[in-house]
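Note that the structure is predicted; figures quoted are calculated from it, not measured.
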Amino acid sequence: MSQIKVIKLEEAGRESALIGLSLNRRVEGALDYYYDIFLEKEYIFNEVAGRLCNKDHGHNKFLEHIDTWWLIRASRNFWQEADTYRLTTKQSGSTMHTLYKRKLTNEDFNTPIPESYIQYLNELVQKYIVESTSENLEELKDSLPEGYLQTREWKLNYKNLREILLQRSNHRLPSWKIFCAEIKKQVIFPEWLP
């Protein structure tokens, strides 16, 4: 079973996105009073957003203005596939700096690996601690299975989320299905996503 963990840290930008959306709706009034006009008609823009959110090709560009920040612990193979989505920013726990801080256990991997292999990895960790050469570090990193878990903070806007959900909701890897389900559970406006 996949051990992916997904926690939404923050979500912002709905009001600004709807103000931008309202620009296309020819709301009348002086620019100085634009925000007040928006507030008076906010319910209309929420309704319009609901109609446009599933229309691509520029009709739902307001989704690009709603940002979300996520804390995700997932396997290296998940992160390799996640790099497909280039329009995002991310920060991660450095494998190079965290790998040798403690002994590895099966909790560090997406699925259990043989204890003999964990012992081998821990021997490589000790080898690196004793002699911190770049060769030892490279050997250790190269020996990690794809199921090694890494935590990243990932910033995505609703447009990015929409693309991921369209492409990955029915993916054959369980981690993507779990990721997509968690996104839909945790966002404020799941109705604006597929």
Side-chain angles (χ1 to χ4, degrees), residues 1-21 49-50 52-102 104-113 137 140-194:
M1 181 64 171
S2 181
Q3 291 192 37
I4 187 168
K5 302 256 187 299
V6 181
I7 300 169
K8 185 182 75 171
L9 300 173
E10 191 174 344
E11 183 169 327
R14 177 201 148 275
E15 193 170 279
S16 298
L18 292 182
I19 288 172
L21 177 62
L52 293 178
C53 62
N54 291 318
K55 294 184 178 184
D56 293 315
H57 311 297
H59 297 292
N60 62 2
K61 63 187 170 194
F62 73 95
L63 295 174
E64 295 171 3
H65 294 268
I66 305 171
D67 290 322
T68 60
W69 291 261
W70 303 88
L71 190 62
I72 304 164
R73 182 169 167 85
S75 65
R76 287 164 41 125
N77 63 17
F78 175 90
W79 287 119
Q80 285 175 353
E81 292 188 11
D83 285 340
T84 298
Y85 304 99
R86 293 178 192 91
L87 301 173
T88 62
T89 60
K90 59 187 177 265
Q91 299 183 71
S92 65
S94 169
T95 304
M96 180 174 71
H97 294 297
T98 60
L99 190 55
Y100 58 89
K101 298 291 185 187
R102 61 177 177 72
L104 295 170
T105 69
N106 259 317
E107 294 297 312
D108 294 305
F109 301 93
N110 194 41
T111 56
I113 61 172
L137 179 61
L140 174 57
K141 287 185 72 172
D142 286 349
S143 297
L144 285 175
E146 290 299 302
Y148 179 71
L149 295 169
Q150 184 182 45
T151 303
R152 291 186 184 183
E153 180 184 3
W154 208 14
K155 180 181 179 252
L156 300 153
N157 63 46
Y158 264 56
K159 186 88 170 199
N160 302 137
L161 291 173
R162 176 177 168 69
E163 191 66 27
I164 291 170
L165 291 169
L166 286 170
Q167 293 180 9
R168 303 286 175 153
S169 288
N170 295 313
H171 199 274
R172 63 183 155 196
L173 292 177
S175 55
W176 280 110
K177 291 178 183 172
I178 294 167
F179 176 80
C180 291
E182 286 299 319
I183 294 297
K184 292 284 287 210
K185 267 196 258 182
Q186 295 184 45
V187 294
I188 296 173
F189 306 100
E191 66 275 12
W192 291 355
L193 296 172

Next item on the list: Can you sort out the partners of E182 under side-chain contact (heavy atoms from CB on, under 4.5 Å), two or more places apart, ordered by chain and number?
Entry: V6, I178, K185, Q186
Notebook entry, point to check: side-chain contact (heavy atoms from CB on, under 4.5 Å) between L156 and I164: does it pass, once the steps are laid out?
Noted result: CA-CA 10 Å; L156 300 153; I164 291 170; 4.0 Å; yes
Note to self: Let's go through F78 and N110 carefully: what are the C-alpha distance in whole Å and the side-chain angles of both, what is the deciding distance for side-chain contact (heavy atoms from CB on, under 4.5 Å) to 0.1 Å, and is it a yes or a no?
What the structure shows: CA-CA 10 Å; F78 175 90; N110 194 41; over 6 Å; no
Notebook entry, point to check: For atom CG of D142, is the number of surrounding heavy atoms from other residues, nucleotides or ligands below 6.0 Å larger than 12?
Noted result: yes
Notebook entry, point to check: What is the distance from atom CG of L140 to atom CG of L104, rounded to the nearest 0.5 Å?
Noted result: 7.5 Å
Note to self: Determine whether a donor-acceptor pair (N or O, by modelled atom type, separation under 3.5 Å) exists between the side chain of W192 and the backbone of Y158.
What the structure shows: no
Next item on the list: Would you confirm whether N106, through its side chain, and I113, through its main-chain N or O, come within 3.5 Å as a donor-acceptor pair?
Entry: yes
Check: Is there a side-chain contact between L193 and V187 (heavy atoms, below 4.5 Å)?
Finding: yes
Margin query: Test your reading of the model: is there a side-chain donor-acceptor pair from N60 to the backbone of K55, 3.5 Å cut-off?
Written below: yes
Next item on the list: Give a yes or no answer on whether the side chain of R162 reaches the backbone of N54 with a donor-acceptor pair at less than 3.5 Å.
Entry: yes
Notebook entry, point to check: How many angstroms lie between atom CG of L99 and atom CG of L137, to the nearest 0.5 angstrom?
Noted result: 7.5 Å
Next item on the list: Looking only at non-hydrogen atoms, find the nearest pair between F109 and P145 and report the distance.
Entry: CE2-CD, 3.6 Å
Notebook entry, point to check: Any side-chain heavy atom of H65 within less than 4.5 Å of one from S16?
Noted result: no
Next item on the list: Could you grab the distance from atom CD of E81 to atom OG of S175, nearest 0.5 Å is fine?
Entry: 7.0 Å
Notebook entry, point to check: Can you tell me how far the OG1 atom of T68 sits from the NZ atom of K155, to the nearest 0.5 Å?
Noted result: 8.5 Å
Note to self: I want to check something: taking the side chain as every heavy atom from C-beta on, are D67 and N157 in contact at a cut-off of under 4.5 Å?
What the structure shows: yes
Note to self: One pair to check against side-chain contact (heavy atoms from CB on, under 4.5 Å): E153 and L9. What are the steps and the verdict?
What the structure shows: CA-CA 9 Å; E153 180 184 3; L9 300 173; 3.9 Å; yes
Checklist line | K8: partners by salt bridge (Lys or Arg N to Asp or Glu O under 4.0 Å), with sequence neighbours left out | finding: E11
Note to self: Are the side chains of L144 and Q150 in contact, using a 4.5 Å heavy-atom criterion?
What the structure shows: no
Item checked: Gap between atom NZ of K61 and atom CG of L52 - 0.5 Å precision -> 10.5 Å
Note to self: Quick check against the 3.5 Å criterion: does K159 have a side-chain atom that pairs as donor or acceptor with the backbone of F62?
What the structure shows: no
Check: Can you name the closest pair of heavy atoms from C53 and E191 and give their distance?
Finding: SG-O, 3.8 Å
Next item on the list: Specify whether W176 and H171 have parallel, tilted or perpendicular ring planes, treating 30° as the upper limit for parallel and 60° as the lower limit for perpendicular.
Entry: tilted
Next item on the list: Mind checking salt bridge (Lys or Arg N to Asp or Glu O under 4.0 Å) for E146 and listing every partner two or more places apart, or none if nothing turns up?
Entry: none
Note to self: I need the I72 CD1 to K5 NZ distance, nearest 0.5 Å.
What the structure shows: 13.0 Å
Next item on the list: Measure the shortest side-chain to side-chain distance between F179 and W70 over non-hydrogen atoms and say whether it is less than 4.5 angstrom.
Entry: no
Item checked: Worked check of salt bridge (Lys or Arg N to Asp or Glu O under 4.0 Å) between K101 and D108 -> CA-CA 13 Å; K101 298 291 185 187; D108 294 305; over 6 Å; no
